[in-house]
Amino acid sequence: MAIAKMNKLKLISFQNQKNSILEGIQSLQSLELIDISAEYADVPAMRAANRENLDSLSKEWEGYYNEYQELLLFLRGYLPQQKMLDKLRTPKETLTIQEMHEQLAKVDRDLITGTISKAREDLKNYDRVLDSLSEDEIFLAKWQKLTHLPNRTSDQAFIRILTGTVPQTTADTFIREMKENPLIFIEEVFQSKEEYGINVAFDRRDENEVVNFLNENHFTMLNYEFEDIPEIELKRISRERNQILEEVSVLKNQLKGMQNEEWVLKLLIETAYAKFQRIRAKKMLVDERHLFVLEGWLEKSKVDDIREVLEERITSDNFALVVDDVQDDEVAKVPTVLNNNRFISPFENITAMYSLPKYNEIDPTPFLAPFYLVFFGMMLADLGYGLILFAATAIAIKFFRLDKSLKKNLMFFHLLSYPTMIWGLDLWIVLWV
């Protein structure tokens, strides 16, 4: 029950083995690399001009990763959702990076991502068209009593008809004055809280006088851009909307059946993330023409694991691994890894909330845990709540397939259920007596 002992590792190997080695080290998820590029800045291969390619590749793969994430988020919006209990009971599949690459080699990833991207773009286009149709429908619904095309009334020889709107006021001054004018005939098409929609008919010989009068009364000509009258256009919009909704329904049904495509996207996300993390790691290494050097921190108990991984990929003659103890001047740089038993480790989150101790300090978690248990139990002190907390967490830990982090959190609350029940029982006994 303490802070895990750490070692400093230095690995030297050949350039042609670098990708395989980094992939193996990454699979352990336990080595924290040390950026030694600044220490070897004078090495020709470490110059900025020679490292720009790594920056470019890192951004490229990070872009792929973000793109795949967006596609998966989009697809999950249409896939049938698995019930929570079924999801918790289903064991999570664990694959190595190599196994993920082997599965991806069996599918056409470009076809899958292209199909989902096209579906996403098509749905966006459909939404835009539907929005546009809705706007047109709102406009046409106001003018649906209009029986002529406003832009085709100028062909009449003696009579001119103008269609437009007049603001509605409290006293209806504008519309009243227009109706009282003997030079024009007003036909009301619609009325709303803001305006009147009207047809204005008048003799062409009075056009100048009438136009000036209409302008004085804030008459605004209707900008009608449709080919047919509103009644016909509304029917067209209804047909178009039904057709689009049918196409949307077909497309969404196709997306609902893309469980295999979802799995491929998950694999692409994981491999892309691993790829750009390895590229970032290369920026922390020292590269020579034939060799490369990396350094990192690793728990002492896992040194044999990294040797095993390396020997699985390359022969022992092709790499040199130097393992050193932590020096006094390196203590401030060493990452802290807490190493407690299964009853104390759930309380490490409480320690982390404040600050992890430094490598050469004492882990307070074993001392914090019993006090937290006691005071939590005193504060809640309810036998019923304690029993519910005990049963719920025990069932979840026993029967559900939980990831390490969630299981640790549930174990935390499971342990807290005991002092809650004990203090609740004590309180019940005191009250009973």
**Study point:** Beyond-backbone contact of Leu234 with Gln144, side-chain heavy atoms, under 4.5 angstrom
**Key:** yes
Check your understanding: For the atom pair CD (Glu99) and CG (Leu104), what is the distance rounded to the nearest 0.5 Å?
Key -> 12.0 Å
Review point. Does atom NZ of Lys407 have more than 12 heavy-atom neighbours from other groups under 6.0 Å away?
Key: no
Point to revise | Nearest non-hydrogen partners of Ile3 and Lys358, listed with the distance | key: CD1-O, 3.3 Å
Check your understanding: Counting only N and O atoms by type, is there a donor-acceptor contact under 3.5 Å from the side chain of Ser249 to the main-chain atoms of Leu245?
Key -> no
**Study point:** Taking every non-hydrogen atom, the tightest pair across Met258 and Thr115
**Key:** CE-CG2, 3.9 Å
Exercise for review: Check Pro150 against Leu222 and note the closest heavy-atom contact, atom names and distance.
Suggested key: CG-CD2, 3.8 Å
Check your understanding: With side chains defined as the heavy atoms from C-beta onward, is the minimum distance between Glu240 and Leu133 less than 4.5 Å?
Key -> yes
**Study point:** Residue pair Ala396 / Leu402: nearest heavy atoms and the distance that separates them
**Key:** O-CD1, 3.7 Å
Practice item. Using a strict cut-off of less than 4.0 Å between a Lys/Arg side-chain nitrogen and an Asp/Glu carboxylate oxygen, indicate whether Lys302 and Glu299 qualify as a salt bridge. Key: yes
Check your understanding: So do Thr420 and Ile422 actually touch side chain to side chain, heavy atoms under 4.5 Å?
Key -> no
Point to revise | Crowding at CZ, Phe376 (>12 non-hydrogen neighbours, <6.0 Å) | key: yes
Practice item. Show your reasoning for whether salt bridge (Lys or Arg N to Asp or Glu O under 4.0 Å) applies to Arg307 and Glu311. Key: CA-CA 6 Å; Arg307 287 186 188 275; Glu311 289 174 357; 5.9 Å; no
Exercise for review: Give, for atom CD of Glu295 and atom CG of Leu33, the distance between the pair rounded to the nearest 0.5 Å.
Suggested key: 10.0 Å
Review point. Hey, mind stepping through Tyr78 and Leu123 against side-chain contact (heavy atoms from CB on, under 4.5 Å) and telling me if it holds?
Key: CA-CA 12 Å; Tyr78 300 96; Leu123 286 174; 3.4 Å; yes
Determine all donor-acceptor pairs shorter than 3.5 Å in which one atom belongs to a side chain in residues 264-280; sequence neighbours excluded.
from   : atom 1 : to     : atom 2 : distance (Å)
Thr271 : OG1    : Leu267 : O      : 2.9
Thr271 : OG1    : Leu268 : O      : 3.1
Tyr273 : OH     : Gln277 : NE2    : 3.4
Arg278 : NH1    : Gln26  : OE1    : 2.9
Arg280 : NH2    : Glu62  : OE1    : 3.2
Arg280 : NH2    : Glu62  : OE2    : 3.4

Practice item. Of all the heavy-atom pairs spanning Thr163 and Phe219, show the shortest one and how long it is. Key: C-CZ, 3.8 Å
Point to revise | Over 12 non-hydrogen atoms of neighbours within 6.0 angstrom of CD in Gln259 | key: yes
Practice item. For side-chain contact (heavy atoms from CB on, under 4.5 Å), just list the numbers for Phe412 and Asn349, CA-CA rounded to whole Å, side-chain angles, deciding distance to a tenth of an Å, and then say yes or no. Key: CA-CA 9 Å; Phe412 173 72; Asn349 290 335; over 6 Å; no
Check your understanding: Measuring from Leu285:CG to Leu291:CG, what's the distance to the nearest 0.5 Å?
Key -> 12.5 Å
Exercise for review: Return yes when atom CG of Asp403 has more than 12 non-hydrogen atoms of other residues, nucleotides or ligands closer than 6.0 Å, and no otherwise.
Suggested key: yes
Check your understanding: Do NZ/NE/NH1/NH2 and the carboxylate oxygens of Glu188 and Lys145 come within less than 4.0 Å?
Key -> no
Check your understanding: Relative to each other, are the rings of Tyr224 and Phe139 parallel, tilted or perpendicular (30° and 60° limits)?
Key -> tilted
Point to revise | Interatomic spacing from CG in Leu251 to CD in Glu246 - rounded to 0.5 Å | key: 12.5 Å
Check your understanding: Using 30° and 60° as the class limits, which term best fits the ring planes of Trp61 and Tyr64: parallel, tilted or perpendicular?
Key -> perpendicular
Point to revise | Within 6.0 angstrom of Ile362 CD1, more than 12 heavy atoms from elsewhere | key: no
Check your understanding: Do you see a donor-acceptor pair shorter than 3.5 Å between the side chains of Tyr126 and Glu247?
Key -> yes
Exercise for review: Verify whether the ring centers belonging to His290 and Phe14 lie closer than 6.0 Å.
Suggested key: no
Check your understanding: What's the shortest heavy-atom distance between Leu75 and Leu255, and which atoms?
Key -> CD1-O, 3.8 Å
Check your understanding: Does Asp382 reach the main-chain N or O of Tyr385 with its side chain, forming a donor-acceptor pair under 3.5 Å?
Key -> yes
Check your understanding: Can Glu330 and Lys333 be counted as an ion pair, charged N to O under 4.0 angstrom?
Key -> no
Review point. Which of these, Asn339, Thr336, Asn340, sits in a side chain to side chain donor-acceptor pair (under 3.5 Å) with Asp363?
Key: Asn340
Review point. Would you call Asp324 and Val322 a side-chain contact if the rule is heavy atoms closer than 4.5 Å?
Key: yes
**Study point:** side chain to side chain donor-acceptor pair (under 3.5 Å) evaluation trace for Lys404 with Asn409
**Key:** CA-CA 9 Å; Lys404 187 176 180 181; Asn409 288 332; over 6 Å; no
Review point. Does any non-hydrogen side-chain atom of Val303 lie less than 4.5 Å from one of Leu298?
Key: yes
Review point. With no hydrogens and no angle check, is any side-chain donor or acceptor of Gln168 less than 3.5 Å from a backbone partner on Ser192?
Key: yes
Point to revise | Flag, side chain of Ser417 to backbone of His414, donor-acceptor distance under 3.5 Å | key: yes
Practice item. Let me see the working for Asn199 and His148 under side-chain contact (heavy atoms from CB on, under 4.5 Å), right down to the final yes or no. Key: CA-CA 10 Å; Asn199 290 319; His148 68 277; 3.3 Å; yes
Review point. Hey, does Glu308 have a side-chain heavy atom less than 4.5 Å from the side chain of Asp304?
Key: no
Review point. Mind checking whether Lys408 and Ser345 have side chains closer than 4.5 Å, heavy atoms only?
Key: yes
Review point. Do other residues, nucleotides or ligands put more than 12 heavy atoms under 6.0 Å from Glu231 CD?
Key: no
Check your understanding: Got a donor-acceptor contact below 3.5 angstrom from the Asn341 side chain to the Phe343 backbone?
Key -> yes
Check your understanding: Is there a donor in the side chain of Asn223 and an acceptor in the side chain of Glu225, or the other way round, less than 3.5 Å apart?
Key -> yes
Review point. Do Asp317 and Thr315 get their side chains close enough for a donor-acceptor pair, meaning under 3.5 Å?
Key: no
Review point. Is Asp55 paired with Lys59 through a side-chain N to carboxylate O contact shorter than 4.0 Å?
Key: no
Check your understanding: How long is the span from the CG atom in Asn66 to the CG atom in Leu71, to the nearest 0.5 Å?
Key -> 11.0 Å
Check your understanding: Between the main-chain N or O of Asn318 and the side-chain N or O of Ser13, is there a donor-acceptor pair closer than 3.5 Å?
Key -> yes
Practice item. State, yes or no, whether a side-chain contact exists between Glu137 and Arg241 at a heavy-atom distance under 4.5 Å. Key: yes
Exercise for review: Using the side-chain contact (heavy atoms from CB on, under 4.5 Å) rule, take Glu70 and Arg120 through it: C-alpha gap first, then chi angles, then the decisive distance, then the call.
Suggested key: CA-CA 10 Å; Glu70 291 174 3; Arg120 179 177 62 176; 3.8 Å; yes
Point to revise | Heavy-atom neighbours of Arg128 CZ exceed 12 at 6.0 Å | key: yes
Revision key, fill the gap. Distance col, row Glu187:CD vs Ile198:CD1, nearest 0.5 angstrom, shows 10.0 Å
